[in-house]
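I have placed the structure first, in the form of structure tokens, so that the comments after it can refer back to it.
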Amino acid sequence: MKFGVVVFPGSNCDRDIATVTSGILQQPTRLIWHSDTDISDCDVIVVPGGFSYGDYLRCGAIARFAPVMQSLQEHVAKGKYVIGICNGFQILTESGLLPGALVRNRDLHFICDRVPLRVERNDLPFTQKYQKQQVITLPIAHGEGCYFADADTLKELEDNQQVVFRYCDALGNVNNESNPNGSVSNIAGICNQQGNVIGMMPHPERAAEGLLGGTDGKPLFAGLLEGLLVNA
């Protein structure tokens with residue numbers, strides 16, 4: 001299996017992802033420059049965190065027009081997998097691959113912390129190594145991480161079980177006090193209806209080995225790899 005990691009001007013988590021996929025999982029990994037259009041050799045594409053194009057206009061608004069994004073649309077249409085993390089999540093919503101939008105945090109402050117999340121689904125390749133309703137802890141680092149969707153879109157997300165992760169407290173309770181950025185319905189991560197695209201604000205790659213203070217992010221990558229190998 002081969003991972004591809006998209007690199008935009010301003011990306012700063014691309015090497016973090018490659019350290020997990022190539023170093024920990026020992027899988028072939030290619031860094032894909034934003035102007036590249038041939039990603040056909042990759043099974044999974046990761047759109048990493050950072051500040052693509054300096055976050056000018058708004059987060060992800062310029063990156064959506066990068067040449068690689070058309071190829072990413074085709075990659076998804078073929079049923080292949082995509083993970084968007086932090087700025088990557090913002091880019092996926094801007095490009096229409098995921099619904100909703102990421103806007104300024106509720107208190108208008110940049111947040112850098114470790115937060116509990118509740119796993120809402122474990123029937124996706126990304127989440128199959130977690131238990132449903134399991135509480136995990138992942139780092140967050142964002143200024144525009146407040147997920148927003150209108151009432152109709154939110155209903156569709158809930159009806160189709162597209163919410164994958166929610167912010168919660170240490171016991172798994174979902175409430176306003178456990179919501180770090182004001183995201184509607186405490187949403188921390190969602191998927192598309194087909195289940196092959198996931199976007200999330202927390203950083204699983206920053207919690208994939210003990211040296212970083214936690215390993216709750218590693219099962220996301222390991223589960224995806226296992227799913228791909230089984231179906232190969």
Side-chain angles (χ1 to χ4, degrees), residues 13 16-17 46-50 59-60 82-94 97-107 109-150 153-193 195 197-208 214-221 223-224:
C13 297
D16 301 55
I17 297 292
V46 183
V47 188
C59 300
V82 172
I83 309 172
I85 300 169
C86 199
N87 188 224
F89 187 10
Q90 295 162 344
I91 293 169
L92 294 183
T93 59
E94 287 287 337
L97 283 168
L98 289 174
L102 282 306
V103 300
R104 292 291 301 276
N105 293 344
R106 174 179 50 208
D107 297 326
H109 295 151
F110 186 91
I111 302 172
C112 185
D113 203 352
R114 290 178 177 269
V115 298
L117 306 174
R118 194 174 73 188
V119 180
E120 300 292 86
R121 291 185 61 174
N122 70 336
D123 60 339
L124 299 170
F126 308 96
T127 58
Q128 64 174 336
K129 284 192 170 295
Y130 297 116
Q131 298 297 314
K132 190 174 182 180
Q133 304 292 295
Q134 180 180 347
V135 176
I136 63 175
T137 300
L138 296 180
I140 56 172
H142 56 250
E144 294 85 13
C146 176
Y147 181 77
F148 175 80
D150 61 34
T153 300
L154 184 60
K155 183 178 185 305
E156 187 173 317
L157 287 172
E158 299 287 3
D159 289 348
N160 294 327
Q161 297 184 324
Q162 289 175 247
V163 179
V164 181
F165 299 106
R166 293 188 204 271
Y167 299 110
C168 66
D169 64 21
L171 299 177
N173 300 307
V174 172
N175 49 47
N176 191 59
E177 289 71 28
S178 62
N179 189 335
N181 53 33
S183 291
V184 64
S185 296
N186 284 52
I187 291 174
I190 62 172
C191 65
N192 63 346
Q193 289 192 30
V197 179
I198 188 173
M200 57 192 299
M201 286 310 297
H203 287 268
E205 80 281 8
R206 297 183 183 178
T215 58
D216 282 356
K218 183 178 178 180
L220 185 145
F221 297 99
L224 177 59

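- The two residues A207 and R114 have their closest heavy-atom pair at CB-NH1, 4.5 Å.
- Expressed to the nearest 0.5 Å, how far CD1 of I91 lies from CG of L97 amounts to 11.0 Å.
- The line from SG of C191 to CZ of F165 is 10.0 Å long, rounded to the nearest 0.5 Å.
- You'll find the side chain of L98 reaches within 4.5 Å of the side chain of I190, heavy atoms only.
- Take D159 and apply the salt bridge (Lys or Arg N to Asp or Glu O under 4.0 Å) test, not counting sequence neighbours, and it matches K155.
- C146 SG to I187 CD1: the interatomic distance, rounded to the nearest 0.5 Å, is 10.0 Å.
- Sorted by first then second residue, the ring pair (Phe, Tyr, Trp, His ring centres under 6.0 Å) pairs that include residues 173-193, not counting sequence neighbours, number zero.
- Listed by chain and number, the residues in a side chain to side chain donor-acceptor pair (under 3.5 Å) with T127 amount to none (sequence neighbours excluded).
- By the side chain to side chain donor-acceptor pair (under 3.5 Å) test, D113 is found to be paired with no residue, residues two or more places apart in sequence or in another chain being considered.
- Remark: D216 pairs with I136, T137, L138 by the side chain to side chain contact (heavy atoms under 4.5 Å, CB included) rule, at least two apart or across chains.
- A 4.5 Å side-chain heavy-atom check between M200 and L220 finds at least one atom pair inside the cut-off.
- Closest of all the heavy-atom pairs between P202 and I85 is O-CG2, 3.4 Å.
- Here the CG-CG distance, from N192 to L92, works out to 9.5 Å after rounding to the nearest 0.5 Å.
- Panel note: side chain R118, backbone Q133; no donor-acceptor pair is recorded below 3.5 Å.
- Residues meeting the salt bridge (Lys or Arg N to Asp or Glu O under 4.0 Å) test with K218, sequence neighbours left out: none.
- Judged by distance alone, with hydrogens and angles left aside, the side-chain atoms of N160 form no donor-acceptor pair with the main-chain N or O of Q162 at under 3.5 Å.
- A101 meets the side chain to side chain contact (heavy atoms under 4.5 Å, CB included) test with no other residue; sequence neighbours excluded.
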Quiz item: Should T153 and D150 be marked as a side chain to side chain donor-acceptor pair (under 3.5 Å) after you check the CA-CA gap, both sets of side-chain angles, and the distance that decides it?
Solution: CA-CA 5 Å; T153 300; D150 61 34; 2.8 Å; yes

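- With sequence neighbours excluded, the residues satisfying salt bridge (Lys or Arg N to Asp or Glu O under 4.0 Å) with R104 are E144.
- Side-chain N or O atoms of N105 include one that pairs as donor or acceptor with a backbone N or O of G145 at under 3.5 Å.
- In this structure, Q134 contributes its side chain and Q131 its backbone to a donor-acceptor pair below 3.5 Å.
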Quiz item: Checking side chain to side chain contact (heavy atoms under 4.5 Å, CB included) for the pair H142/L102: CA distance, chi angles, key distance, verdict?
Solution: CA-CA 10 Å; H142 56 250; L102 282 306; over 6 Å; no

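- For R106, the side chain to side chain donor-acceptor pair (under 3.5 Å) criterion is met by N176, not counting sequence neighbours.
- Legend: residues meeting side chain to side chain donor-acceptor pair (under 3.5 Å) with Q128, ordered by chain and number and at least two apart, are absent.
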Practice problem: Walk me through it: do E156 and Q193 pass the test side chain to side chain donor-acceptor pair (under 3.5 Å)? | Solution: CA-CA 10 Å; E156 187 173 317; Q193 289 192 30; 3.1 Å; yes

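- Residue pairs satisfying the salt bridge (Lys or Arg N to Asp or Glu O under 4.0 Å) criterion with at least one member in residues 161-175, sequence neighbours excluded, are listed as follows: E120-R166, E158-R166.
- Between R206 and C13, the closest side-chain pair of non-hydrogen atoms falls below 4.5 Å.
- For residues 119-139, the set of pairs meeting the ring pair (Phe, Tyr, Trp, His ring centres under 6.0 Å) definition, not counting sequence neighbours, comprises Y81-F126.
- To the nearest 0.5 Å, atom CE of residue M201 and atom CD1 of residue I111 are 9.5 Å apart.
- Scanning all heavy atoms of the two residues, the minimum distance from Q90 to N87 falls at OE1-ND2, 2.8 Å.
- One distance of note links CZ of F221 with CD1 of I17; it measures 4.0 Å at 0.5 Å rounding.
- Residues S178 and C168 approach most closely at CB-C, 3.2 Å, considering heavy atoms.
- Between L154 and S185, the shortest heavy-atom contact is CD2-OG, 3.6 Å.
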Practice problem: Begin with the C-alpha distance, continue with both residues' side-chain angles, and end with the deciding distance and a verdict on side chain to side chain contact (heavy atoms under 4.5 Å, CB included) for V119 and V164. | Solution: CA-CA 6 Å; V119 180; V164 181; 5.7 Å; no

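- Under the 3.5 Å distance criterion, with hydrogens and angles disregarded, a donor-acceptor pair is assigned to the side chains of N181 and Y167.
- Taking both residues in full, the closest heavy atoms of T93 and P99 are given as CG2-O, 3.7 Å, listed atom of the first, atom of the second, then distance.
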